[in-house]
Structures are given as structure tokens and as C-alpha cells.
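Here's the structure, in C-alpha cells; my notes come after.
Position 1 is the first residue of the sequence, and the numbers go up from there.
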Amino acid sequence: MSEAPVLYLIVCAAPPAQRIGELADLLTADGWRVCVTATPIAATWLDRDALADRTGHPVRAEWRRPGDPEPHPPADAAAVVPATFNTLNKWAAGASDTLALGVLNEMLGAGLPIHVFPRVNAALSAHPAYGPNLRRLREAGVVVHDADVLRSPDEMTPSRWAVVVDALRQARSRG
């Protein structure tokens, strides 16, 4: 029997990040090996030890030192949940000033499947850079899902997370 596919779960600092462990559990139950990488701010919002216990892999937010082993197995796909205005715009510009962005840029360059679930408020989504940057990511092959999927943490019910799990399941089956 082959091992389950590896999903890099990239977590940005928006309210749904506070309940990302629930999503990690659902993704694991759906057959993924989940490896979490967080932006620097999101990392301060997470119980990294608890997430590592849930996933079996350390939660990364910092670059590793030269010569240090890679703590995550190679990815088969990635999901950016929640994806913020800052991360999306910097990623579209090719910035790699955080580990999360570096991982996303490498995955994009390697042609691996990447799904994005934005959590951007109306004012920021109206910014003139946002729409063109989402188009640039889509043109590069990134699947950008409906921004309405992720709501405030009080509304992050299992059915909301199920939308993310279902989208990734469908993508894996098309594989």
C-alpha cells in the first residue's frame, strides 16, 4: 500500500487560522499527510506543539539552517488556508521573505497543485493590486477558491472546513 499524499498546509494570519487544527484533523481523516507551514504572525497564533502532535510533523515558520535536514516530506499539493491580502500580493510578485512564501514560490515553479482559500476583507479586495495579482496566480496554475468560503472564526463550522476538504479531495481524484 502506498503512503498517503502529502499536503503542505500554508497558514496565514487571519481569524480562521486560530482553528486550523480542526482542518488539519479533517484533512488527515480524508487521507492526507498534513505538514503545516505558517507565516511569522500566524505562527504566534497557533499552538505549534499541539499541531505537531496532531499531524506528526513540526509546524514550520522559520527557515532551516544550512545542513539541517528537511523536516517535511516532499509535497504532492498545497493549500493556503487562510490566504491573506499580504501573502497573496507578495507571492504574485515573487517575494520569498518568509518561509511560507519561499515554499509557495518553489511549489509554483515546480508546477505542483496549489489551492488558495482567501480571507480578505472587502476594502482590501478592492485595492487595485489585488485583482491583477489573483489573475497572475491563476494564470500560473493556482486554483483560487471563492473568498466567501472562510468567514469569521465563529462561523468556521465543520461544514465550512468541509468545503476546503471537498475541494482538495476532488483535486486529488483528478490527480
Is it the case that over 12 heavy atoms from other parts of the model lie below 6.0 angstrom from the CD1 atom of Ile41?
no

Quick check: do Val36 and Arg60 have side-chain heavy atoms less than 4.5 Å from each other?
no

Decide yes or no for Leu168 and Leu27: does some side-chain heavy atom of the first lie under 4.5 Å from some side-chain heavy atom of the second?
yes

So, does His72 use its side chain to make a donor-acceptor pair with the main chain of Pro58 at under 3.5 Å?
yes

Which heavy atom of Ala17 sits nearest to which heavy atom of Leu46, and what is that distance?
O-CD2, 3.2 Å

For Ala42 and Cys12, which heavy atoms make the closest approach, and how far apart are they?
CB-C, 3.5 Å

Can you see which heavy atom on Asn105 is nearest to which on Ser96, and at what distance?
ND2-OG, 2.8 Å

Distance-minimising heavy-atom pair for Trp32 and Ala4:
C-CB, 4.4 Å

Aromatic ring pairing His145/Phe117, orientation class (parallel under 30°, perpendicular over 60°, tilted between)
parallel

To the nearest 0.5 Å, what is the distance between NE2 (His57) and CG (Leu9)?
12.0 Å

Roughly how far apart are Leu101 CG and Glu106 CD, rounded to 0.5 Å?
11.5 Å

Side chains of Pro118 and Val144 in contact at under 4.5 Å (non-hydrogen atoms):
yes

Checking Arg64 side chain against Asp68 main chain: does a donor-acceptor pair fall under 3.5 Å?
yes

Quick one: does Thr87's side chain have a donor or acceptor within less than 3.5 Å of a partner on Ala83's backbone?
no

Taken to the nearest 0.5 Å, the spacing of Thr55 OG1 from Leu7 CG works out to 11.0 Å

Between atom CG of Leu124 and atom OH of Tyr130, what is the distance when rounded to the nearest 0.5 Å?
9.0 Å

Partner of Val80 by side chain to side chain contact (heavy atoms under 4.5 Å, CB included), out of Thr37, Val116, Val103
Val116

Honestly curious: do Val164 and Leu104 fall in one hydrophobic cluster under the side-chain, below-4.5 Å linking rule?
no

In this structure, CD1 of Ile20 is separated from CG of Leu51 (nearest 0.5 Å) by 8.0 Å

I'd like to know whether CZ of Arg136 has more than 12 heavy-atom contacts from other residues, nucleotides or ligands below 6.0 angstrom.
no

On a heavy-atom basis, which atom in Ala100 and which in Thr39 lie closest, and how many Å separate them?
CB-CG2, 4.0 Å

Distance-only side-chain donor-acceptor flag, Trp161 / Glu22, under 3.5 Å:
yes

Could you measure the distance from the CE atom of Met107 to the CD1 atom of Ile114? Nearest 0.5 Å is fine.
5.5 Å

Would you check, one step at a time, whether the test salt bridge (Lys or Arg N to Asp or Glu O under 4.0 Å) holds for Asp30 with Arg172?
CA-CA 11 Å; Asp30 198 54; Arg172 183 177 65 210; 3.4 Å; yes

Check: Val6 main-chain N/O paired with Asp76 side-chain donor or acceptor under 3.5 Å:
yes

State whether the side chain of Arg119 and the backbone N or O of Ala14 hold a donor-acceptor pair below 3.5 Å, judged by distance alone.
no

hydrophobic_cluster_shared for Leu134 and Trp91, side chain cutoff 4.5 Å
yes

Side chain to side chain contact (heavy atoms under 4.5 Å, CB included), that's the test. Do Val81 and Leu23 meet it? Break it down for me.
CA-CA 9 Å; Val81 185; Leu23 177 59; 3.7 Å; yes

Is the closest basic N to carboxylate O distance between Arg65 and Glu70 below 4.0 Å?
no

